[in-house]
Structure formats: structure tokens, C-alpha cells
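Here's the structure we're looking at; comments come further down.
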Amino acid sequence: NDLCDTFSHLTNHCIAARSKHFESLVEGNEMFFDDFRRFLARAAPDTDFDTHILPQMRRQVLLTTQAAWHVLRGQNRGGAFQLYGFDFMLDARCRLWLLEVNGAPAAAERLREQLAADIISLCIA
């Protein structure tokens, strides 16, 4: 409600965390898939995450990667990989918008163990 509080309108966790009022910011700025599935079931019961939202996310990741492939490929060091973080937002009609791509994404504590296991599985398998 306070338009002068510029931190309250940010969705970027790393920037918003710099605010002295960080803990009081709007709950739900960031949601994990399970949290978002529950929210979506209440807020937009006709929109299924797995059949409507997730395909949009996958398409945005694919299109973004294709658009930047020549740059990404040029930075490739043999035997190396990089994890990218994609930040999305939905509008009132449940259309997905890509906000940004992070080359060094911050991973929430509760995701780190599974994320590490997934990376190892993908790289070794």
C-alpha cells in the first residue's frame, strides 16, 4: 500500500533482501512448485500447473536458450557446465512472463540438496 517503499514491489529476492524491512515484505513473492500448485488451485481452479503453466515455462527456457545459444556456446569450456535461474511471473490471465535469467542463481536452502543431486545425476548419467 505504500508506493514510496520501493523494496515492497520487488520480486528479486537478492535485491529485496537488502531492505531493512525484508521480513515484513509480502509473503508469496517467491513460490516453489508445490506452493504454487496449491495457490493456483485456490486462485485459478481452472488452470492446472502441470498442463498450462509448466509447458509455458519450458517453452520460455527453450526459446531463451536458443536465442542466446551462439553466446552460450562461445563461452563453453570443455567439460564444464553452468546452472541458470529463470524468474517468471504470471499475469491475471495466467500467461507466463520471463522476468530475467540469472547466470549465478541463488538457491533456497530447501532446494540445495535436491538441486545438487539432480546436477550430479545429469552430468554423470
Side-chain angles (χ1 to χ4, degrees):
N1 293 335
D2 182 2
L3 295 178
C4 294
D5 183 2
T6 54
F7 283 104
S8 70
H9 305 287
L10 294 173
T11 59
N12 186 298
H13 178 86
C14 293
I15 295 172
R18 296 178 186 175
S19 168
K20 63 182 178 181
H21 303 293
F22 177 65
E23 297 301 323
S24 67
L25 297 179
V26 177
E27 182 67 29
N29 261 5
E30 298 174 328
M31 290 185 187
F32 300 100
F33 283 1
D34 289 339
D35 300 327
F36 191 67
R37 279 185 183 95
R38 286 189 293 275
F39 169 80
L40 199 58
R42 289 188 311 274
D46 294 335
T47 303
D48 180 68
F49 177 82
D50 294 303
T51 59
H52 185 77
I53 306 302
L54 198 54
Q56 290 183 75
M57 295 173 90
R58 288 183 173 139
R59 180 165 169 72
Q60 286 293 334
V61 170
L62 175 65
L63 292 173
T64 302
T65 303
Q66 287 175 334
W69 184 248
H70 67 283
V71 175
L72 298 174
R73 190 72 181 135
Q75 296 173 353
N76 186 23
R77 294 169 299 176
F81 68 92
Q82 184 167 353
L83 175 69
Y84 292 93
F86 287 73
D87 293 345
F88 300 101
M89 185 173 71
L90 288 180
D91 65 18
R93 293 188 286 180
C94 292
R95 288 181 307 185
L96 189 87
W97 296 91
L98 176 64
L99 297 178
E100 66 178 347
V101 180
N102 299 294
E109 183 73 33
R110 73 184 208 195
L111 292 179
R112 288 184 188 151
E113 186 175 330
Q114 185 62 50
L115 182 60
D118 289 347
I119 289 172
I120 290 168
S121 175
L122 285 169
C123 292
I124 294 176

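Here the structure is a predicted model, which is why all the values come from computation and not from measurement.
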### Test item: Met57 and Phe33 side chains (from C-beta on) under 4.5 Å apart, heavy atoms
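Of all side-chain heavy-atom pairs linking Phe33 with Met57, at least one is under 4.5 Å.
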### Query
Of all residues at least two apart in sequence or in a different chain, which pass the side chain to side chain contact (heavy atoms under 4.5 Å, CB included) check with Gln66?
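Applying side chain to side chain contact (heavy atoms under 4.5 Å, CB included) to Gln66 gives Leu62, Leu63.
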### Query
What pairs with Leu90 under side chain to side chain contact (heavy atoms under 4.5 Å, CB included), at least two apart in sequence or on another chain?
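By the side chain to side chain contact (heavy atoms under 4.5 Å, CB included) rule, Leu90 matches Phe36, Ile53, Leu96.
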### Message
If you compare all heavy atoms of Asp91 against all heavy atoms of Arg93, which two are closest, and at what distance to 0.1 Å?
### Response
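Heavy atoms only, the tightest pair is OD1-N, 2.9 Å.
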### Task
Please report the shortest heavy-atom distance between Tyr84 and Gly103, naming the atom on each side.
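Distance-wise, the nearest heavy atoms are CD2-CA, 3.8 Å.
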### Query
Pairs in or reaching into residues 42-62: which pass salt bridge (charged side-chain N to carboxylate O under 4.0 Å, His left out), with residues at least two apart or in two chains?
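Sorted result for residues 42-62: Arg37-Asp50.
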### Query
Does Ala117 offer a backbone N or O that forms a donor-acceptor pair with the side chain of Ser121 under 3.5 Å?
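Here the side-chain-to-backbone pair does not exist.
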### Query
To the nearest 0.5 Å, what is the distance between CG (Leu72) and OG1 (Thr65)?
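Between Leu72 CG and Thr65 OG1, I get 6.5 Å after rounding to 0.5 Å.
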### Query
Rounded to the nearest 0.5 Å, what separation is found between the CG atom of Asp87 and the CD atom of Glu100?
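Between Asp87 CG and Glu100 CD, I get 4.5 Å after rounding to 0.5 Å.
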### Task
Run the numbers on Leu83 and Leu115 for side-chain contact (heavy atoms from CB on, under 4.5 Å), then give the verdict.
CA-CA 10 Å; Leu83 175 69; Leu115 182 60; 3.8 Å; yes
### Connected via hydrophobic side-chain network under 4.5 Å: Leu40 and Trp97
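No, it is not one cluster - the side chains of Leu40 and Trp97 are not joined through contacts under 4.5 Å.
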### Query
Taking only residues two or more places apart in sequence or in another chain, which ones pass ring-ring contact (aromatic ring centres under 6.0 Å, His included) with Phe88?
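Checked Phe88 against ring-ring contact (aromatic ring centres under 6.0 Å, His included); zero matches.
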### Query
Can you list the residues that meet the side-chain hydrogen bond (donor to acceptor under 3.5 Å, both in side chains) rule with Glu113, with sequence neighbours excluded?
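In terms of side-chain hydrogen bond (donor to acceptor under 3.5 Å, both in side chains), with neighbours along the sequence ignored, Glu113 is linked to no residue.
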### Query
Gln60: what forms a side-chain hydrogen bond (donor to acceptor under 3.5 Å, both in side chains) with it, not counting sequence neighbours?
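None.
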